[in-house]
Every structure is written in structure tokens, then in C-alpha cells.
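Down below is the structure, laid out as C-alpha cells.
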Amino acid sequence: MPAAIMGGTGIYNLPNVEVESREMVNDYGTAQVFMGKSAHEDIVFLTRHGRDHSTPPHKVNYRANIQALKDLGVRRIMSTYAVGSITADYPVLDLAVIRDFLDFTHGRAFSFFEDLERAVGHVEMSKPFCPVMSNKLMALASKHNIKCRDGATYVATNGPRFESPAEIKMYQILGGHVVGMTCCPEVYLAGELGISFAALALPINLAAGLEEKITLAEDNIDEVRENMINLMIDVLHSTNDDECTPPILL
Ligand code: HPA
């Protein structure tokens with residue numbers, strides 16, 4: 001079965017992988033996906049903001065995207081998120097493996113369990129991110145010249161505005177490490193459909209209040225992004241569908 005890579009801000013292609021665009025229509029809308037092959041493995045690439053970055057975080061059709069991957073037979077997703085760092089433990093341009101989240105999004109379609117056609121399910125979130133793929137990310141990072149920190153808690157905000165300094169202070173107190181706008185509801189929608197999900201955060205700035213004003217990293221970022229994609233593809237090659245256990249439904 002194909003595995004999927006979901007790209008966030010700045011990730012609009014898979015270098016070295018030829019892809020073909022395909023439109024997937026489902027009950028939730030239309031998703032554009034890109035079908036490719038790497039070392040004989042089928043890979044589906046999806047860039048959540050669109051290749052021209054025209055879809056803001058609160059307008060992404062998360063359900064159409066995840067349903068499209070499900071319909072293609074995907075059982076493993078590796079996802080990337082550009083984030084702000086809210087603690088010195090997660091420096092800008094060092095990657096972070098996300099293991100947990102705090103969800104502050106609102107007004108989004110956040111569940112598949114809201115029509116009468118599916119029995120109600122409650123996806124269990126003790127381990128929202130697949131430990132097998134997450135551990136592999138850590139194990140293979142140095143091979144790809146990547147400095148990677150483990151154990152990040154991702155704070156999901158609604159965007160598209162950035163946070164105020166007081167909000168960032170609150171997120172620090174609550175135990176957040178990085179802040180972004182899209183990991184929720186993506187991670188738990190995948191869980192609802194029985195898909196294993198692992199995620200890498202790329203801090204591109206220090207969050208509000210940590211510097212005089214927010215400055216986005218530019219130097220070396222293309223190289224970091226390319227290394228990150230190569231790492232994710234390597235992780236997909238070195239794991240398989242059956243050893244990754246998605247969250248269960250209660
Ligand atoms: N806040 C929210 N989302 C982000 C940030 C940030 O500082 N940087 C990149 N995505």
C-alpha cells in the first residue's frame with residue numbers, strides 16, 4: 001500500500017521523486033494529491049496549503065485530504081509542520097519529533113464522526129503520534145545531517161494570525177514547545193480512519209515575545225527542508241504498514 005508524506009509551508013515538491021497530480025473526490029470535498037514512487041515504494045504526496053500556498057490553515061479541507069489518503073489505501077503518514085519555537089530547548093532550524101499536542105483550534109470540521117452513517121467512535125489519543133515511525137525519525141536523523149530533538153508538544157492555534165506574547169507565555173506554562181496552525185485536526189482525523197501518523201516540526205522563528213519582533217529563518221532553510229524530506233522517505237522505507245499501530249477507537 002502507498003505511504004503518504006504531507007508537506008506544510010515551504011514543502012511543495014518531493015525532490016528526486018517524479019509525481020503525477022491526481023484529484024480525489026469524496027464526501028468532504030476534493031483533494032489534490034501527487035502520486036510518485038521512491039525505491040519501488042508508492043508514495044502519495046499532499047501539500048496542505050496547495051503548491052501556490054493559497055489555502056490558509058483555517059481553510060484547509062482536512063477531512064477531504066485525510067479521506068483521500070484513506071481511499072488510496074494509505075496506512076502510514078509522515079507529516080511536516082513549520083512552527084514557531086516557544087522554548088530554548090527547540091532551537092530554530094533544528095527539527096523536532098512531535099509526540100503530543102495541545103489543541104486550541106476552533107471552528108474547523110474536526111471529526112468524521114458527525115453524520116448518521118458512521119457509528120460514533122472516540123479515537124484514543126494516549127499516543128497520538130506513531131512511536132515506531134517517530135523512533136525511526138530519531139534513529140535516522142544524523143544519517144541525513146539533521147539535528148533532531150525528541151518529545152515536542154505541539155500547540156495548535158487557529159491562525160492565520162500569529163500569537164500575542166501573553167498567549168505564548170500561557171502555552172509555555174501549559175507545557176507546549178512549538179506552535180503552529182495545522183497539526184490539529186490532521187493528526188486525530190488520521191487516527192479516526194485508522195491511519196498511523198508521525199510528524200516533524202521545523203521551527204522557523206522564535207515565537208511572539210521571545211524576540212523584539214518575529215523574524216522568519218531564511219538562511220539554509222532549503223537545505224534543511226530537503227534533508228527533512230529525505231529523512232521522511234528513509235523512515236517510510238525502513239518501516240512497514242503492519243508494524244505501525246494506529247490509535248484505536250473506543
Ligand atoms: N506561530 C504559529 N504558527 C507558526 C509560527 C508561529 O510563531 N511560525 C510558523 N508557524
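For the single chain, residues carry numbers from 1 onward in sequence order. Just follow the structure's listing: the first ligand is 1, and inside any ligand the first atom is 1.
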Residues [X], [Y]: salt bridge by 4.0 Å N-O rule:
X	Y	answer
E243	R75	no
E18	K37	no
K143	D234	yes
K70	E192	no

*Measure the acute angle between the ring planes of Y81 and Y154, then classify it against the limits of 30° and 60° as parallel, tilted or perpendicular.*
perpendicular

_As a quick check of understanding, evaluate ring-ring contact (aromatic ring centres under 6.0 Å, His included) for F112 and Y28, giving each step before the final call._
CA-CA 9 Å; F112 288 107; Y28 306 100; 5.2 Å; yes

Check ligand 1 against the protein and report each N/O to N/O distance under 3.5 Å, formatted as atom name, atom name, distance.
unit_1   : atom_1 : unit_2 : atom_2 : d
ligand 1 : 1 (N)  : E163   : OE1    : 2.8
ligand 1 : 1 (N)  : E163   : OE2    : 3.2
ligand 1 : 7 (O)  : N205   : ND2    : 3.0
ligand 1 : 8 (N)  : G84    : N      : 3.2
ligand 1 : 8 (N)  : N205   : OD1    : 2.6
ligand 1 : 10 (N) : A82    : O      : 3.4

